[in-house]
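To start, the structure under review is shown below, and the notes come after it.
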Amino acid sequence: MAHLLVTGGAGFIGANFVRRALAADPGGRLTVLDALTYAGNRANLAEVADRIRFVPGDVCDAELVDGLVRDCDVVVHFAAESHVDNSLHDPRPFLRSNVEGTFVLLEAVRRHDRRLHHISTDEVFGSLPLHGSERFTEDSRYDPSSPYSATKAAADMLVRAWVRAYGVRATLSYCANNYGPYQNVEKFLPRQITNVLLGRRPKLYGTGENVREWTHVDDHNDAVLRIVADGRPGETYLIGSGAQWSNRALLELTLSLLGRPVDDYDTVPDRPGHDLRYAVDSGRIRRELGWRPRHPDLPEGLARTIDWYRCNEWWWRPQKDATEARYLAIGR
Ligand code: NAD
Ligand code: DAU
């Protein structure tokens with residue numbers, strides 16, 4: 001079977017991907033390259049540690065990346081700085097990891113003629129009107145609103161150019177918001193779940209009307225596996241479950257699943273440039289690759305995710321206070 005190189009494989013989606021890929025191909029060879037930033041954690045891979053090669057390192061390290069790419073068949077590129085609020089505070093690491101890192105990887109896959117799957121995000125398309133039925137498609141115009149999404153957009157442009165200019169065999173996917181186990185406590189759902197578990201009040205930005213489309217991380221990763229297996233080089237795929245929820249409604253659901261009154265939260269100042277609504281048309285991947293979300297029922301998936309955080313306080317507790325201190329410093 002193909003030897004996979006997974007960048008960012010110690011992060012939330014990457015670590016879930018590694019487990020899923022090994023489950024799909026039990027004898028498969030898999031190497032993880034991860035810089036172990038604040039968002040990367042080797043504990044995320046503990047269950048599969050003896051089945052993978054873990055290389056601590058930076059995707060901007062051209063020499064290291066060249067050797068790893070040469071030795072693999074397919075690269076799946078998750079490594080990135082991923083949090084919008086952090087990017088608003090300090091964009092520089094985003095430019096380095098997201099743009100320069102993708103450039104370094106592209107040069108290596110070009111030199112060694114390796115297949116690349118690049119993980120992008122629906123955030124590159126910006127904001128949809130709050131009230132409406134419009135959805136992002138593969139042809140939507142890029143219109144990023146934050147330093148995070150601008151650097152993801154820049155990375156996508158590099159991938160598209162390397163496909164056209166050099167014939168690099170790359171695919172791209174754009175998934176909507178993910179949720180599930182091992183997500184960093186800085187993100188919306190883990191932040192609110194762990195606040196409630198600690199007896200603290202959740203924090204809702206602005207009016208809470210903003211809408212996101214929530215996809216279980218295993219469904220995202222199943223889609224990535226489908227694309228790696230059968231995606232057409234040069235092609236782009238949007239991934240989303242169709243479960244669109246306002247932040248306020250999702251917070252109320254979270255509170256009720258945790259046995260708290262649904263109004264037991266604080267509102268805090270809004271995020272600057274806060275995108276109003278994301279919604280994706282995932283028709284292409286459903287039609288062409290037969291992908292379907294296996295966890296489309298958000299309340300059910302959220303209840304399981306809450307259980308995971310309840311049972312794994314050892315995993316999230318060490319980061320919680322530092323994360324909340326960062327939020328306090330920016331007034332959110
Ligand atoms: P994450 O922040 O949890 O994990 C990112 C991982 O990348 C970490 O393990 C980190 O150590 C590693 N990393 C960062 N910079 C690196 C570098 N320079 N070299 C090597 N490793 C580095 O992020 P996530 O939520 O798992 O997101 C993974 C990817 O999926 C990102 O590309 C993100 O843009 C994309 N994405 C995320 C979502 C979501 O809802 N979380 C949705 C769509 C797309
Ligand atoms: O759409 C895909 C994107 O989803 C990914 O590309 C990003 O990597 C990922 O972080 C996520 O971006 P968002 O900005 O949508 O996710 P976040 O979890 O930061 O916030 C979700 C929504 O909840 C957003 O509208 C802001 C709001 N929010 C967030 C936090 C942390 C709150 O209301 N309160 C909070 O405490």
Side-chain angles (χ1 to χ4, degrees), residues 6-17 32-42 44-45 55-61 64-65 76-88 93-94 96-98 100-102 104-105 118-125 127 136 144-146 148-149 151-152 155-156 173-180 182-192 195 202-215 217 220-221 224 239-240 245-248 250-251 265-268 270-271 273-280 323-324 327 332:
V6 180
T7 73
F12 162 49
I13 306 177
N16 279 293
F17 176 81
V32 168
L33 170 66
D34 197 296
L36 296 177
T37 69
Y38 79 95
N41 187 344
R42 281 193 80 157
N44 299 359
L45 295 166
V55 180
D58 195 319
V59 77
C60 299
D61 180 339
L64 174 67
V65 166
V76 185
H77 179 36
F78 290 98
E81 289 290 337
S82 68
H83 193 41
V84 172
D85 293 312
N86 293 346
S87 79
L88 291 163
F94 289 75
R96 186 168 185 283
S97 292
N98 301 3
E100 187 185 337
T102 302
V104 167
L105 206 54
H118 174 72
I119 307 290
S120 186
T121 166
D122 64 349
E123 287 203 31
V124 297
F125 303 124
S127 191
F136 298 131
S145 308
S146 72
Y148 162 67
S149 50
T151 57
K152 292 296 290 185
D156 295 358
S173 61
Y174 304 72
C175 192
N177 287 60
N178 283 212
Y179 73 99
Y182 298 100
Q183 187 168 30
N184 192 285
V185 289
E186 68 192 352
K187 302 295 192 322
F188 179 64
L189 281 171
R191 186 182 185 200
Q192 316 313 343
N195 275 349
K203 310 287 180 212
L204 186 67
Y205 291 176
T207 63
E209 282 178 299
N210 310 60
V211 171
R212 298 290 183 267
E213 179 166 326
W214 292 93
T215 301
V217 64
H220 180 185
N221 284 328
V224 172
I239 305 164
W245 288 70
S246 74
N247 294 341
R248 181 183 295 277
L250 189 55
L251 180 54
Y265 61 83
D266 296 327
T267 52
V268 294
D270 209 352
R271 173 188 279 175
H274 195 176
D275 287 333
L276 291 174
R277 185 169 70 88
Y278 303 147
V280 308
T323 304
E324 288 305 318
Y327 276 121
R332 288 197 286 280

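In each ligand, atom 1 is the first atom listed, and ligand 1 is the first ligand listed. Just so you know, residue 1 is the first one in the sequence shown, and it goes up from there.
- By the 3.5 Å distance cut-off applied to N or O atoms, Thr121 is not counted among the residues near ligand 1.
- Among Lys187, Glu123, His83, the residue whose heavy atom lies closest to atom 10 (O) of ligand 2 is Lys187.
- Inclusion of Asn210 in the set of residues having an N or O under 3.5 Å from an N or O of ligand 2 is not warranted.
- Any N or O atom pair closer than 3.5 Å counts here, and His77 shares no such pair with ligand 1.
- With Tyr205 as the fixed residue, the side chain to side chain donor-acceptor pair (under 3.5 Å) test singles out one of Asp85, Asp270, Asn247, Thr267: Asp85.
- Of the protein's non-hydrogen atoms, Ser82 O, 2.8 Å is the one closest to atom 8 (O) of ligand 2.
- Less than 4.0 angstrom separates some heavy atom of Thr37 from each of these atoms of ligand 1: 10 (C), 11 (O), 14 (C), 15 (N).
- The protein heavy atom nearest to atom 40 (O) of ligand 1 is Asn178 N, 2.9 Å.
- The Asn177 neighbourhood of ligand 1 comprises atoms 40 (O), with distances under 4.0 Å to a heavy atom of that residue.
- Remark: the Tyr327 side chain and the Glu186 side chain contain no N/O donor-acceptor pair separated by less than 3.5 Å.
- Residue Ser97 has at least one nitrogen or oxygen atom sitting less than 3.5 Å from a nitrogen or oxygen atom of ligand 1, judged on distance alone.
- Between the side chains of Thr7 and His77, at least one donor N or O lies within less than 3.5 Å of an accepting N or O.
- When the options Gly8, Ala10, Ser82, Ala80 are ranked by their closest heavy atom to atom 5 (C) of ligand 1, first place goes to Ala80.
- In summary, the atoms of ligand 1 found under 4.0 Å from a heavy atom of Ser120, numbered by their order in the structure, are 43 (C), 44 (C).
- In terms of polar-atom proximity, Asn41 is not counted as a contact of ligand 1, lacking any N or O under 3.5 Å from an N or O of the ligand.
- Heavy-atom separations between Glu213 and ligand 2 are all 4.0 Å or longer.
- When heavy-atom distances to ligand 2 are checked against a 4.0 Å cut-off, Asn177 comes that close through both its backbone and its side chain.
- Atom 25 (O) of ligand 1 has its closest protein heavy atom at Phe12 CD2, 3.7 Å.
- In terms of polar-atom proximity, Tyr148 is counted as a contact of ligand 2, with an N or O under 3.5 Å from an N or O of the ligand.
- Residue Phe188 has at least one nitrogen or oxygen atom sitting less than 3.5 Å from a nitrogen or oxygen atom of ligand 2, judged on distance alone.
- Those atoms of ligand 2 that come under 4.0 Å of a heavy atom in Tyr278, given as number and element, are 1 (O), 15 (O).
- An N or O contact shorter than 3.5 Å links Gly11 to ligand 1 by distance.
- Ligand 1 places these atoms under 4.0 Å from at least one heavy atom of Leu36: 11 (O).
- Considering Glu81, Arg42, Lys152 only, the shortest heavy-atom separation from atom 32 (O) of ligand 1 involves Lys152.
- Taking 4.5 Å as the limit, some side-chain heavy atom of Asn195 sits within range of a side-chain heavy atom of Gln192.
- Here the shortest heavy-atom distance to atom 34 (O) of ligand 1, taken over Phe78, Tyr182, Tyr148, belongs to Tyr148.
- Put simply, the side chain of Asn44 never gets that close to the backbone of Gly40: no donor and acceptor are under 3.5 Å apart.
- Polar contact with ligand 1: absent for Ala176 (N/O pair, distance under 3.5 Å).
- Of all protein heavy atoms, the one closest to atom 9 (O) of ligand 1 is Asp34 OD2, 2.6 Å.
- The N/O atoms of Leu33, backbone and side chain alike, include none that comes under 3.5 Å of an N/O atom in ligand 1.
- Close approach to Gly57 involves these atoms of ligand 1, each under 4.0 Å from a residue heavy atom: 19 (N), 20 (C).
- Checked by distance only, ligand 1 and Ile13 come closer than 3.5 Å through their nitrogen or oxygen atoms.
- The atoms of ligand 1 that sit less than 4.0 Å from any heavy atom of Ile119 are 30 (O), 32 (O), 35 (C).
- Judged by distance alone, with hydrogens and angles left aside, the side-chain atoms of Asp34 form a donor-acceptor pair with the main-chain N or O of Ala10 at under 3.5 Å.
- Using modelled atom types, no side-chain atom of Thr121 and backbone atom of Tyr174 make a donor-acceptor pair closer than 3.5 Å.
- Geometrically, ligand 1 and Cys175 share no nitrogen or oxygen pair separated by less than 3.5 Å.
- Using a 3.5 Å distance cut-off with no hydrogens or angles, the side chains of Asn178 and Thr215 do not pair a donor with an acceptor.
- From the protein, the heavy atom lying nearest to atom 19 (N) of ligand 1 is Val59 N, 2.9 Å.
- Ring centers of Phe125 and Phe136: under 6.0 Å apart, within the cut-off.
- Across Asn41 and Leu36, no two heavy atoms sit closer than the pair N-CD2, 3.9 Å.
- Ligand 1 places these atoms under 4.0 Å from at least one heavy atom of Gly40: 8 (C), 9 (O), 11 (O).
- The closest donor-acceptor contact from the side chain of Asn98 to the backbone of Thr151 lies at 3.5 Å or more, if one exists at all.
- For Asn184, the closest heavy-atom approach to ligand 1 does not fall below 4.0 Å.
- Heavy-atom distances between Arg332 and ligand 2 stay at or above 4.0 Å for every pair.
- Ligand 2 lies nowhere less than 4.0 angstrom from a heavy atom belonging to Lys152.
- For atom 20 (C) of ligand 1, the closest non-hydrogen atom of the protein is Ala35 N, 3.2 Å.
- Nearest residue to atom 2 (C) of ligand 2 from Ile13, Asp122, Val280 is Asp122 (criterion: closest heavy atom).
- Of all protein heavy atoms, the one closest to atom 33 (O) of ligand 2 is Tyr205 N, 2.8 Å.
- At a threshold of 4.5 Å between non-hydrogen side-chain atoms, the residues Lys203 and Arg191 count as touching.
- For a threshold of 3.5 Å applied to N or O pairs, the pair formed by Trp214 and ligand 2 contains no separation below that value.
- Closest to atom 14 (O) of ligand 2 among all protein heavy atoms lies Arg271 NH1, 2.6 Å.
- Of the possible polar contacts, one joining the Ser87 side chain to the Tyr148 backbone as a donor-acceptor pair under 3.5 Å is found.
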